Amino acid sequence: MNSEEPSRQPLLQNPPLRCCLLSGGSSRRMGQDKALLAHPEGGTWLERSLKLLAQLQAPITLFSCHQAHLEMGSTMELVTAIPEDPPWEGPLLALHRLMQIHPEQTLLLCPVDMPYLTFGAINSLLEEAKPKPNSLVLAHDGQQLQPLLGVYPSSAAISKNLNQTINTGERSLMAWLKQLSKLVVLLDAKAIRNINYSSENHNLL
């Protein structure tokens, strides 16, 4: 990875870029609400994630079923807080709903439980996506795909495919992705690691 700090100028995409932060998980394995955990840089994981995405100077959708998250997000610049209505059946259904809400846009999907995500990692994804505006561009940590961080164009073709998949009852994001062509971008493993347990968090500090 380039050690130089990436530019904070707006990263223009066509179709237009929209950041989508997923924050609707139950945090069962953590034992407490991950989004509201204190971050070493100050504030909560949720606030840190939203501030990081705000550096892209693009509109942000915070998608969550938790009222505390929505209230916190609604006070921040560039953020539109949208309630995630039941049923809550995982990220594939959440992505489907986001594509319906934001058609014909470049959706940067991001989870709230990547507390060490960097602007450089996000920038790398978006730079790879620029020449291929209709392609899925997904993060990889060197061992496995990390599809909760990725660029998902909400084009008519992709949205139609996802809608058909949802209608079959499929709820696995990985299963859906297996049937699609995609560009994989290798990123720093620590930066894109999902933290599910308190012990994992302490080990990465």
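Residues: numbered from 1 along the sequence shown. It should be emphasised that the depicted structure is a prediction, and the values quoted were computed from it without experimental measurement. Side-chain atoms are counted along with the backbone in the values below, which use heavy atoms only and exclude waters and symmetry mates.
Note: C20 SG to I101 CD1 = 8.5 Å, rounded to the nearest 0.5 Å. Between atom CH2 of residue W176 and atom OG1 of residue T168 there is a gap of 12.5 Å, rounded to the nearest 0.5 Å. Taking CG of L50 as the reference point, atom CD of Q55 lies at 12.0 Å (rounded to 0.5 Å).
Residues meeting the side chain to side chain donor-acceptor pair (under 3.5 Å) test with E71, sequence neighbours left out: Q67. Partners of E170 under the side chain to side chain donor-acceptor pair (under 3.5 Å) rule, at least two apart in sequence or in another chain, do not exist in this structure. Not counting sequence neighbours, the partners of S64 by the side chain to side chain donor-acceptor pair (under 3.5 Å) test are H69. For the salt bridge (charged side-chain N to carboxylate O under 4.0 Å, His left out) test, no residue two or more places apart in sequence or in another chain qualifies with R18.
In terms of modelled atom types and a separation under 3.5 Å, the side chain of K182 and the main chain of L180 share a donor-acceptor contact.
Counting all heavy atoms, side chain and backbone alike, L62 lies closest to S23 at CD1-CB, 3.8 Å. Here the closest non-hydrogen pair linking A35 and T44 is O-CB, 3.4 Å. Heavy atoms only, all atoms of each residue included: V112 and W45 are closest at O-CE3, 3.8 Å. Shortest non-hydrogen contact noted between P87 and R97 is O-NH2, 3.1 Å.
Using a 4.5 Å heavy-atom threshold, the side chains of P83 and L70 count as touching. At a threshold of 4.5 Å between non-hydrogen side-chain atoms, the residues H39 and E47 do not count as touching. L138 places none of its side-chain heavy atoms less than 4.5 Å from the side chain of L149.
Listed by first and then second residue, the salt bridge (charged side-chain N to carboxylate O under 4.0 Å, His left out) pairs involving residues 110-122 are K34-D113 (not counting sequence neighbours). Residue pairs meeting the side chain to side chain donor-acceptor pair (under 3.5 Å) criterion with at least one partner in residues 145-154, sequence neighbours excluded, are D141-Q146.
In summary, of the residues considered (L22, I192, L117), a side chain to side chain contact (heavy atoms under 4.5 Å, CB included) with C110 occurs for L117 alone. L136 pairs in a side chain to side chain contact (heavy atoms under 4.5 Å, CB included) with only one of the listed residues (L183, V151, L177, V184), which is L177.
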(request) Kindly determine whether H66 and D33 satisfy side chain to side chain donor-acceptor pair (under 3.5 Å), including the steps that lead there. (result) CA-CA 10 Å; H66 303 292; D33 190 339; 4.9 Å; no
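Counted within 6.0 Å of CD on Q143, heavy atoms from surrounding residues, nucleotides or ligands total 12 or fewer; the atom is thus considered open.
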